[in-house]
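These notes are about the structure you will find just below.
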Amino acid sequence: MSMFGRSPNAPTGSVNPERVEMAIQELDMVTDIFNRLVSTCHAKCISTRYAEGDLNKGESVCIDRCVAKFFEANKKVGERLQNVGANASGATGAFGL
Amino acid sequence: MSMFGRSPNAPTGSVNPERVEMAIQELDMVTDIFNRLVSTCHAKCISTRYAEGDLNKGESVCIDRCVAKFFEANKKVGERLQNVGANASGATGAFGL
Amino acid sequence: MSMFGRSPNAPTGSVNPERVEMAIQELDMVTDIFNRLVSTCHAKCISTRYAEGDLNKGESVCIDRCVAKFFEANKKVGERLQNVGANASGATGAFGL
Amino acid sequence: MDFSAFNAAEQAHMTKVIEKKQMQDFMRMYSSLVERCFTSCCNDFTSKALSSKEEQCMMNCADKFLKHSERVGARFAEQNAEAMNAAAQK
Amino acid sequence: MDFSAFNAAEQAHMTKVIEKKQMQDFMRMYSSLVERCFTSCCNDFTSKALSSKEEQCMMNCADKFLKHSERVGARFAEQNAEAMNAAAQK
Amino acid sequence: MDFSAFNAAEQAHMTKVIEKKQMQDFMRMYSSLVERCFTSCCNDFTSKALSSKEEQCMMNCADKFLKHSERVGARFAEQNAEAMNAAAQK
């Protein structure tokens, strides 16, 4: 999953802080999305009665569909935001800093 | 928004780690409060029916009042905590570390 | 609360980054659990009517029991996870990175 | 926030820090938006495809959330400016 | 937590780290308190001014939250001490 | 994620970063699991001891959450692979 443009290969053997920084940000982004996906689909699909420790058939099917639907929804939102993304000052930008 | 005392000007051209650290903490604090404000006023003011993509009149007015009220509430709580703030050990302080 | 094995004493006077890193991770873990404990027991025990600023008798007793029960629950889950903990790849591990 | 007491080196450092935090903040906002809108809009898991009704809801929710954030940001900046003026006059 | 195995340099470093984290923790506690109390106390947006009833609710909520956190902290420390003793006797 | 454009030093650095993040992630998952299951399973505070019914609920909840996370992780990886293939063919 590559969300950001990748700068051209650096042939040197030293660590380029900016490349590494960008990779870490991408990793954080994926982790954040994944954690929200786990939590969201848990709320949608898992009964809180906890009568047994296994996923039942209905829960398993629901999880599969929930993940697929979340991906599609995420993609649609991403396309929508691409238009406003260039001036992506986000929340902090509004602080008048 | 200056929540903390500012140390006197440093005339040198090198980075004073403590000053920078303090500014970053202040920035994190403002960001945290802002994100909570966005989330809180969203829950208070925005209908989750999502029949249209624009803020309607009622929502817009509600947001303005919600932000003003949140600021006032935040100020009151800040004044209250100033009394206990000196020994601001907070949660971590209670760990017996 | 020592959740992780401690490496043997280092007699030198320099900072061992790995030891310090581990201690910071342990600190973060304890802080995270504590914050969740505060929030969980608040939801379980504190009435949101806020007619007075003091904890009443029922709330106080509830908090004590809530903390004790949370500790016991945490311990049980910890024991359960120890079995799967060795291959503790967690969420990130599942990313196919 | 007022960085006028900072020297040039410190201001340059803070600019970098702020840029990085804005990026993180935008990402966090983005993923929280997806989570929030998905939770509100998608409740039918008899199919794995997003229905056109769900898609419309996601778009409206995203648009509305951005406008909401902008409006809160504008009011926040105003209130901040007011609070700083009040503090300066003390 | 037990830092007795640490040398002086490491203990000094950890003290600094802990101080910084306590500050962050206090801030996080503060903003979560404001959010929590505002959510419980303020539900009327026909006016932008905090009513006296809402203000009283905020103050009670803040006081109660602090006392709650203190009590949880005290119990947490006791339970921790117990758990460490139990572990040491194994 | 694709680190093939990275040189050896960068790959070694990223490996360390990822290991550290996996540890943090596992911890965060663990404490969120405890919080989530406690919230669902423990609602009787007339006693401080975990009842056998509550304990059973906690165990089932923990087991189910782990299986849920695994399943989500597997589907996530598949969807990711698909998305990358689709992007590569453009």
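Heavy-atom basis, side chains included; hydrogens, waters and symmetry copies ignored. The chains referred to below are lettered A, B, ... by the order of the sequence lines, with proteins before strands, and numbering in each begins at 1.
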Rounded to the nearest 0.5 Å, the CG atom of N60(D) sits from the OG1 atom of T48(B) at a distance of 12.5 Å
Of all residues at least two apart in sequence or in a different chain, which pass the salt bridge (Lys or Arg N to Asp or Glu O under 4.0 Å) check with E19(D)? none
Quick check on I63(B) against chain D: is it the side chain, the backbone, both or neither that has a heavy atom closer than 4.5 Å? side chain
Segment of I24(B) engaging chain D (4.5 angstrom heavy-atom cut-off): both
Under a 4.0 Å threshold between the charged nitrogen and the carboxylate oxygen, would E59(B) count as salt-bridged to R71(D)? no
What part of A51(B) lies closer than 4.5 angstrom to a heavy atom of chain D: side chain, backbone, both or neither? backbone
Yes or no on side-chain contact (heavy atoms from CB on, under 4.5 Å) for I46(B) and K64(D), after CA distance, side-chain angles and deciding distance? CA-CA 8 Å; I46(B) 307 298; K64(D) 215 170 209 177; 3.9 Å; yes
Rounded distance [0.5 Å steps], CD in Q79(D) versus CD in E72(B): 9.0 Å
Apply the test side-chain contact (heavy atoms from CB on, under 4.5 Å) to residues N80(D) and F71(B): give CA-CA distance (whole Å), side-chain angles for both, the deciding distance (0.1 Å), then the verdict. CA-CA 9 Å; N80(D) 249 354; F71(B) 256 77; 3.9 Å; yes
Qualifying salt bridge (charged side-chain N to carboxylate O under 4.0 Å, His left out) pairs, either residue in residues 34-53 of chain D, two or more places apart: R36(A)-E35(D)
Do the ring planes of H68(D) and H42(B) sit parallel (below 30°), tilted (30 to 60°) or perpendicular (above 60°)? perpendicular
What part of C41(D) lies closer than 4.5 angstrom to a heavy atom of chain B: side chain, backbone, both or neither? side chain
About how many Å separate CZ of R19(B) and NE2 of H13(D), when rounded to the nearest 0.5 Å? 12.5 Å
Value rounded to 0.5 Å, distance of CG in N35(B) from CZ in R28(D): 4.0 Å
Closest non-hydrogen atom pair, S69(D) against F34(B): O-CZ, 4.1 Å
Tell me the closest heavy-atom pair linking V67(B) and F76(D), and the distance in Å. CG1-N, 4.0 Å
With rounding to the nearest 0.5 angstrom, report the CD to CE distance, E52(B) to M59(D). 15.0 Å
First locate atom OH of Y50(B), then atom CD of Q56(D), and finally report the distance between them rounded to the nearest 0.5 Å. 13.5 Å
